[in-house]
Amino acid sequence: MMLLVLFLFVPLLFVAPARCVDWTSTPFNPPSFPLAVRSPYLSAWLPQGNGSALNDVWPQFWTGQILGWAGFVNVDGTSYSFLGAASVASANFTKATQKSANFTATQSTFVLSAGSVDLTVRFLSPVEPSDFTKQSMPFSYMAISAVSTDGDSHAVQIYSDISAEWISGNTSLAANWSTSTQDALTHQIQLQNPAPFTEINDRAQYGSAYYSTLNGSGVTYQTGEDIIVRAQFISNGKLDNILDTDFRAISDNWPVFAYAHDLGTVSSEATTPVVIGVGFVRDPALEYIVADGVLQNRSSYFLNSFTSPSDAAVSFLQDYDSALDRAYTFDAQVNSDASAISSEYAGLVSLSIRQLVGALEITLSKNSDGSFNTSDVIVFLKEISSDGNVNTVDVIFPAWPGILYLNPDIGKLLLEGLFAYQASGQYPNKWSVHDLGASYPKAIGHNDGQDEAMPVEESGNMVIMALSYALKSGDTSQLSRYESLLDQWTQFLIEDSLIPNNQLSTDDFAGTLANQTNLAIKGIVGIQAMAKIADLLGDSSKSSNYSSIASSYVSQWQTLATSSAGNHLTLNYGNDSSWSLSYNMYADKLLQLDIFPESVYTMQTEWYKSVDSTYGVPLDTRHTYTKSDWQIFTAAIMTDTSVRDLFISAVTKFASSGMSSQPLTDWYDAVSGEPESFRARPVVGGHLALVCTE
Ligand SMILES: *[C@@H]1O[C@H](CO)[C@@H](O)[C@H](O)[C@H]1NC(C)=O
Ligand SMILES: *[C@@H]1O[C@H](CO)[C@@H](O)[C@H](O)[C@H]1NC(C)=O
Ligand SMILES: *[C@@H]1O[C@H](CO)[C@@H](O)[C@H](O)[C@H]1NC(C)=O
Ligand SMILES: *[C@@H]1O[C@H](CO)[C@@H](O)[C@H](O)[C@H]1NC(C)=O
Ligand SMILES: *[C@@H]1O[C@H](CO)[C@@H](O)[C@H](O)[C@H]1NC(C)=O
Ligand SMILES: *[C@@H]1O[C@H](CO)[C@@H](O)[C@H](O)[C@H]1NC(C)=O
Ligand SMILES: *[C@@H]1O[C@H](CO)[C@@H](O)[C@H](O)[C@H]1NC(C)=O
Ligand SMILES: *[C@@H]1O[C@H](CO)[C@@H](O)[C@H](O)[C@H]1NC(C)=O
Ligand SMILES: *[C@@H]1O[C@H](CO)[C@@H](O)[C@H](O)[C@H]1NC(C)=O
Ligand SMILES: *[C@@H]1O[C@H](CO)[C@@H](O)[C@H](O)[C@H]1NC(C)=O
Ligand SMILES: *[C@@H]1O[C@H](CO)[C@@H](O)[C@H](O)[C@H]1NC(C)=O
């Protein structure tokens with residue numbers, strides 16, 4: 001990860017947070033609720049901090065940019081807002097009162113009361129890791145049902161819209177739009193002058209937003225200026241089925257794209273939900289460097305199964321009932337797997353899953369006749385917020401436990417783009433590349449070799465992850481195809497991991513350092529992993545050679561890396577007062593190599609117990625900040641479950657503290673609990689480190 005700009009906010013006073021929400025939050029109130037989070041560019045959240053109801057604030061893109069998404073409900077002619085923070089001067093409404101908010105792995109659900117009617121507003125972002133068509137569809141559901149709470153029947157109509165803020169990072173740019181009334185009602189919005197493969201403020205500057213619902217009796221639609229369309233509904237309980245064709249800038253009299261649903265008379269039996277789909281589709285999704293510097297266009301996997309994105313939007317709506325069933329099953333599985341550790345842990349894992357998969361895109365290339373090549377699948381990941389790199393190796397690595405848990409094949413296909421690029425011979429360094437491109441969605445490689453250098457880190461990561469996939473799946477094809485690259489990186493590890501040169505580790509914000517104990521662990525595990533790979537590929541002499549090198553490194557390393565008092569590992573060799581989270585030993589356990597002696601694990605377990613702070617154990621002795629992903633990796637290697645749980649509690653305490661209103665950050669201060677600048681990063685997949693080894 002490369003840190004381009006770092007805003008450090010150091011408060012003079014720390015006041016313990018006093019969260020005071022009037023509703024119940026289950027399992028806890030997160031820093032930000034995922035609402036529609038399915039790809040790097042479909043990423044809508046409800047910021048929390050000390051608590052914001054669904055109708056207190058606007059939803060935001062992960063960067064904090066407002067995404068206009070408004071909802072109103074009329075009950076017997078009285079209007080209430082339930083979503084967003086619209087103001088409509090020419091019409092009267094009050095705010096519905098939020099009663100509860102909860103999240104599971106795939107859903108965030110809010111209950112609000114509007115007079116004598118309760119609304120349940122469910123935001124479902126499906127996680128479908130074994131179905132690439134469904135997983136790659138960048139659409140999300142909002143489903144709203146109503147129930148009377150006073151025994152009487154009430155006339156209820158529901159309204160919602162999105163603004164054109166969903167299509168760009170610059171609201172001065174001109175948009176155009178259309179509404180299709182074929183099988184379903186679909187508003188489609190895009191830039192008048194799209195710029196393929198570019199971003200402004202992390203928003204794609206090409207592609208279309210979709211807002212769709214199935215037609216039926218009592219369904220009306222309208223496009224037009226926000227205050228006019230919203231006032232029309234508030235005053236009349238329905239829309240005019242008229243379309244605004246005065247195409248203009250996103251912020252020029254704010255065009256919105258709306259639906260109203262007349263639920264008729266609502267009694268004490270909950271209505272079937274009004275289902276709305278929101279999505280953002282680009283085609284091509286990315287460009288990717290293949291042989292000879294040729295840039296190949298790659299499309300989202302689901303497009304192979306549909307004639308157009310609008311077709312996919314309709315199919316997505318029609319699939320809601322089954323999608324919800326599958327989501328319940330998936331959520332229950334996640335909850336049960338993680339609850340085997342603790343209920344606190346289950347909450348943290350559930351919050352992390354949409355954030356992880358929301359950084360992924362599954363893609364296909366096309367054949368020369370324009371058809372898709374379904375045997376050419378590559379998965380891409382956007383680093384998010386620390387910068388916009390494509391497939392950053394040391395971001396895939398912390399996310400790896402979550403990827404293994406969801407579907408190891410996704411891991412293989414995340415590595416595939418990195419392997420194929422380096423096997424094409426265009427990358428000049430002898431160690432592994434850091435990423436596939438500096439700016440998503442341009443996977444254009446680094447033929448000049450000037451990518452952010454993390455030589456031991458990335459070489460070790462690639463060997464470890466490649467073996468991990470093979471062990472989990474039993475599929476050794478990727479190992480055999482890329483054996484020579486894996487061997488080349490191992491040669492480098494043999495040169496530079498016992499005494500690692502002055503270099504960056506993944507925690508690049510801490511700067512370079514020579515002789516990093518934890519980096520040496522990464523490299524040594526990498527060498528032993530290659531010994532195992534050689535064994536799997538039938539090269540027993542290479543296997544025993546690498547194995548004996550790794551063993552000899554472990555014993556030398558133990559002398560170099562242990563403090564003279566013998567009670568902890570150091571941050572760097574020879575500095576007795578230093579220490580750090582030795583999270584790289586997790587790979588020794590994950591791969592079941594067990595080359596580091598058990599005594600080292602026991603020593604570290606005792607040590608962390610003694611240096612724990614309010615919100616966890618600092619990353620190392622240079623600063624008080626820490627990383628949530630590395631703390632959970634460390635939790636997974638503790639020899640004492642009480643110390644394991646201490647890490648889990650600390651991370652959960654931070655996540656539920658109200659100190660942050662950003663999509664969960666992995667980087668925060670272990671003493672004050674203040675979040676650092678990262679947010680929404682897929683590395684929270686590392687929070688699954690305790691469930692993926694089962
Ligand atoms: C939550 O409230 C506490 C105490 O007033 C405050 O320190 C903290 O900054 C608030 N959180 C946010 C995200 O505003
Ligand atoms: C809003 O409510 C006030 C007070 O009841 C009323 O005077 C006003 O006419 C209403 N405005 C509209 C647009 O209905
Ligand atoms: C979340 O809220 C909904 C609506 O009240 C409820 O049906 C569901 O059981 C809740 N789920 C959890 C996990 O609390
Ligand atoms: C936003 O678009 C406007 C209008 O084209 C332009 O003047 C401005 O420079 C753009 N700002 C950014 C940050 O791209
Ligand atoms: C919107 O603009 C795009 C790009 O200029 C164009 O291809 C498309 O036809 C336009 N759509 C409408 C509805 O005007
Ligand atoms: C939507 O369905 C209603 C009732 O079935 C029908 O009257 C109306 O024409 C349909 N609207 C569109 C745009 O197809
Ligand atoms: C790739 O996609 C871009 C953007 O749509 C387009 O301009 C370019 O012609 C495409 N290249 C090929 C080889 O299809
Ligand atoms: C499809 O992709 C596979 C895997 O990359 C490749 O081997 C094959 O040649 C491709 N097929 C065509 C027709 O290009
Ligand atoms: C790294 O450690 C080795 C072994 O202790 C030592 O010889 C070397 O000087 C150290 N390098 C630096 C830059 O401190
Ligand atoms: C073991 O591997 C190292 C590093 O590649 C190499 O230098 C050495 O010659 C190998 N030893 C044997 C016996 O193959
Ligand atoms: C040893 O580590 C401590 C804590 O990180 C640091 O303050 C100190 O400067 C280091 N000493 C040397 C000689 O590097």
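First listed ligand is number 1; within each ligand, the first listed atom is number 1. Quick caveat, the model's predicted, so the values are computed rather than measured.
Of the N and O atoms on the side chains of Y546 and D487, at least one donor lies less than 3.5 Å from an acceptor on the other residue. Between the side chains of Y210 and Q190, no donor N or O sits under 3.5 Å from an acceptor N or O.
For the residues T171, N170, N193, the heavy atom positioned nearest atom 13 (C) of ligand 4 is part of N170.
Within a 4.0 Å radius of atom 11 (N) of ligand 10, the protein contributes at least one heavy atom. Per-atom contact check: atom 7 (O) of ligand 4 does not touch the protein, criterion being a heavy-atom distance below 4.0 Å.
Within the 4.0 Å heavy-atom cutoff, T490 does not count among the residues contacting ligand 10.
Nearest protein neighbour of atom 4 (C) of ligand 4, counting heavy atoms only, is S172 CB, 3.9 Å. Counting protein heavy atoms only, atom 1 (C) of ligand 10 is closest to N545 ND2, 1.4 Å. The nearest heavy-atom contact from the protein to atom 5 (O) of ligand 10 is Q491 OE1, 2.8 Å.
Contact atoms of ligand 1 toward M659: 13 (C) (distance under 4.0 Å to a heavy atom of the residue). Applying the 4.0 Å criterion to heavy atoms of G49 picks out, from ligand 1, the atoms 13 (C).
With a 4.5 Å cut-off on side-chain heavy atoms, D283 and Y206 do not count as touching. By the 4.5 Å heavy-atom criterion applied to side chains, L590 and S468 are counted as neighbours.
Annotation: G658 places an N or O atom under 3.5 Å from an N or O atom of ligand 1; distance criterion only. Residue S661 has no N or O atom closer than 3.5 Å to an N or O atom of ligand 1.
D161 CG to D226 CG: the interatomic distance, rounded to the nearest 0.5 Å, is 8.0 Å.
Aromatic ring orientation, F509 versus F678: perpendicular (interplanar angle above 60°, classes split at 30° and 60°). Aromatic ring orientation, F419 versus Y482: parallel (interplanar angle below 30°, classes split at 30° and 60°).
Stacking of R282 on the aromatic ring of Y41 is not recorded, the 6.0 Å distance cut-off and the 45° axial limit not both being met.
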